[in-house]
Amino acid sequence: MREKILSPLNPEQERAVTGTDGAVLVLAGAGSGKTRVIAHRVAWLLQERHLSPHNLLAVTFTNKAAEEMRDRVMALLNKDRLPFLWIGTFHSICARILRADIGRLEGGYNTYFSIADADDTLGLVKRILKERGISESNFQPRKVQSAISRAKADALDAEAYAEKARTYFQRTIAPVYREYDRRLRESNSLDFDDLLFFTERLLEGDEEVRERYRARFLHLLVDEYQDTNRTQYRLLRLLASPRCSVFAVGDEDQSIYRWRGADIQNILDFQRDFPGAEVVKLERNYRSTRPILEAANTLVAHNENRLGKNLWTEREEGEAVTLFAAPSDREEAAYVADTVERYKAFAEYRQMAVVYRTNAQSRSFEEAFLNRRIAYQVVGGIKFYERREVKDVLSYLRVAANPLDRISLLRVLNVPPRGIGKVTVETLEDMARERGGTLYGVIREEAAKGGLPPRARVALRGFVDIMDALDRKVRAGKDLGALAEFVLEATGYVSYLDSLKGPGPDPQDRLENIQELVSAMRDFEIRQGGSLAEFLERQALVSDQDSLDASGTDTVKLLTLHAVKGLEFPIVFLTGLEEDLLPHVLSQESDAEVEEERRLCYVGMTRAMDRLHLTWARRRYVYGTLEDRRPSPFLLEIPGEMIREEAGVPSAGGSLLEAAQMLERKAAPKPQRPFKVGCRVHHPKFGFGIVLSTKGEGEDLKVTVSFNRHGRKMLLARMAKLEVL
DNA sequence: CAATCCCATTTTTTT
DNA sequence: AATGGGATTG
């Protein structure tokens, strides 16, 4: 057994696995076997150090990674179950902790709390802004949402935020934040940040709970440490007693979630935070050939803010990395599809991946693959559980599980339309406020009697009857699939979908999505034996990667650079290597942002085991208009001799030299089109801003600018005294 | 109250 | 290109 755990490891990996009981930081380069190190460490602790599974907590980045980790450990130990071993994402672990003890926090939450997703919370922000007459053009809901999220990551609740608010923006949204939290509270709902933030407050404020977990967890193992945020860091410190061993694995070169609050300083400061920590570097790469690794190493070496390491591989021989400059995005897709077909002679589809910066780029590839009948799967994108029809059905179930969930209740009250209109809803909300009762309670009262017009009352009655019947089925312990089917049937959802023809998604597709939901619920019931509440929680916390089908159908994977993290493929197409796409237009304000984009590129390159193909397009459709594109500056950071240029279509020359010239040309002043999307401008009255888009030309050139202080304005270029900076 | 039409805007990445 | 919101109409 001991052999099984240690023999597959190289000396550095073994040192990490068998390392001290103090803190350990494993700096694991791409493809150096970091997941393996955690799995083997867990197995080692259980087997050789005789720890109980009860004493370990392993944190992964996705639920899928958690499952794989558990499988690996079980295989190493020849066990077919390990029920007391906690493995999960920060969010799912926090949800679990809160289910047990959220009642000990102030705020009146109970164990049936719902988890509000990004869509729910955005809707909530919009409603609040509208109610308060705050202009959405100056306070974009998205910005407000992320400010609230940021505040929670900094452990600032609404009160603390209001106190600290200085800028006009902060002072305006402080009450919005307060109202947002109030609404979540009355809905017995938590957003993603709350899951972490509440757990922090619970552990910090409640000694008994804190000591319970501290006494339990003797080892904390954290994967992807470079992408933890400040709250997660504080949680770690709260959970770790002085005698607990913290084992963190990560790679600062793969930190790509700064925009979500991840703080690369966590990993850079590990040795300071955990004095005496042992540091193990894993620099041997088992994945890629030398040409691939060399190109990737050279690129990422341009970053300043890194610990630095030197990845090497024994796979000396290998095909050169190629670069293809396509005349257009269509032809880029055609090139990829053609190449996929050629590989198909000796490789499987599943061994190939097409990677891009933005989800919108998947389209041209989907079209090309559809044409050539290449089987593919888009990972992520518009997520399954965010599709409207799926959310509608889920919302019924959410109300059944948590009747206080007002957000879900308002969503389905009149879906499919049953005659409960805006006026009625407003009346009901007023009544709830006056009587100090819950919205759901008021609806039930008014359905039975009350002062509403008869038509509205009958409509309410219909809704309440459905919910009552659903409730009975939940209590009777009906299986999950049956619950979903009941919702469909009782609400007449299928014929409602039929009536939705016209623009928008094909009703047939929507129907299939719903059927998919029903079978996902069945599957969950059979495989995990889970309850409705467990299904809803799981569902709320799935990641893009969780949708990667394990069923093993042979498909080419299409996915973003973020979604591809942690995966590997024999053949990788890294596409859209263009200026303003990678690095993205919206991410070049600071060096830190550009460095993150460079890491993103590095992550994409290092996914490839045998073949890496880079592509870009000279012209591309962006929001429906054809744009001229330039190659990504990152391409010039990789020496020409490390890249072989593909001729591809004869008319397309496209050499690195040419790329260099184009970039030089760009550096020189460009008089003909001064207002480029993304460039900074100054206006005498509105101050500094960024050009969002342009319209028309010559005399009629209009420029849309997002000003720092004054929001979005559309200006006539020849009138406004706009100065390009 | 619901359906229809028109206009404007757009996420870059997601637990 | 596609989607969502707002206003308008039946």
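Every chain is numbered from 1, with letters handed out A, B, ... down the list of sequences.
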- prompt: Does B:dT15 have OP1 or OP2 sitting under 4.0 Å from an N or O in the side chain of A:N229?
  reply: no
message: Does the structure show A:Y623 stacking with B:dT9, if we require the centres to be closer than 5.5 Å and the planes to be within less than 30 degrees of parallel?
response: no
Geometric cation-pi criterion, A:R538 with A:F524: 6.0 Å, 45°: no
statement: The nucleotide from B:dC1, B:dA2, B:dT14 with an atom nearest the side chain of A:T560 is B:dT14
query: A:H584 on top of B:dT12's base, within under 5.5 Å and under 30°?
result: yes
task: For A:E593 and for A:N414, locate the closest nucleotide of DNA chain B by heavy-atom distance; then report the residue assigned to the nucleotide nearer the 5' terminus.
output: A:N414
- prompt: So, is A:N359 near the phosphate of B:dT14, with a side-chain N or O under 4.0 Å from OP1 or OP2?
  reply: yes
- prompt: Of all the choices, B:dT15, B:dC1, B:dA2, which nucleotide is nearest to the side chain of A:T89 once you look at every atom?
  reply: B:dT15
- prompt: Which residue lies toward the 5' end of DNA chain B, A:V423 or A:L600, if each is placed at its nearest nucleotide?
  reply: A:V423
- prompt: Is there a side-chain contact (heavy atoms from CB on, under 4.5 Å) between A:L184 and A:L190 once you walk through the steps?
  reply: CA-CA 6 Å; A:L184 281 179; A:L190 275 65; over 6 Å; no
task: Report yes if at least one side-chain N or O of A:K130 is closer than 4.0 Å to OP1 or OP2 of C:dG5; otherwise report no.
output: no
message: Tell me whether the side-chain N/O atoms of A:T424 come closer than 4.0 Å to OP1 or OP2 in B:dC1.
response: yes
Contact under 4.0 Å: A:T62 side-chain N or O vs B:dT15 OP1/OP2: no
task: Please state how far atom CZ in A:R142 lies from atom P in B:dT14, giving the value in whole angstrom units.
output: 11 Å
field: Which nucleotide in B:dT14, B:dT15, B:dT12 has an atom nearest any side-chain atom of A:L586
entry: B:dT12
- prompt: Taking CG from A:L561 and C1' from B:dT14, how many angstroms apart are they, rounded to a whole number?
  reply: 14 Å
- line: Closest to the side chain of A:K126, out of C:dG5, B:dA2, B:dT14, is C:dG5
message: Whether the side chain of A:S587 and the base of B:dT12 hold a donor-acceptor pair under 3.5 Å is what I'd like checked.
response: yes
- prompt: DNA chain C: A:R363 or A:R388, which has the more 5' nearest nucleotide?
  reply: A:R363
- prompt: Taking the six-membered ring of A:Y602 as reference, does the NZ or CZ atom of A:R599 fall below 6.0 Å from its centre and within a 45° cone about the axis?
  reply: no
- prompt: Counting side-chain heavy atoms from C-beta on, which of B:dA2, B:dT12, B:dT15 comes nearest to A:H91?
  reply: B:dT15
query: For residues A:D251 and A:Q226, is any side-chain donor paired with an opposing acceptor at under 3.5 Å?
result: no
message: Rounded to whole Å, please give me the gap between CD in A:E367 and C1' in C:dA1.
response: 11 Å
task: In sequence, state the C-alpha distance, the side-chain angles, and the governing distance for A:V585 and A:E579, and then conclude on side-chain contact (heavy atoms from CB on, under 4.5 Å).
output: CA-CA 8 Å; A:V585 224; A:E579 190 181 287; over 6 Å; no
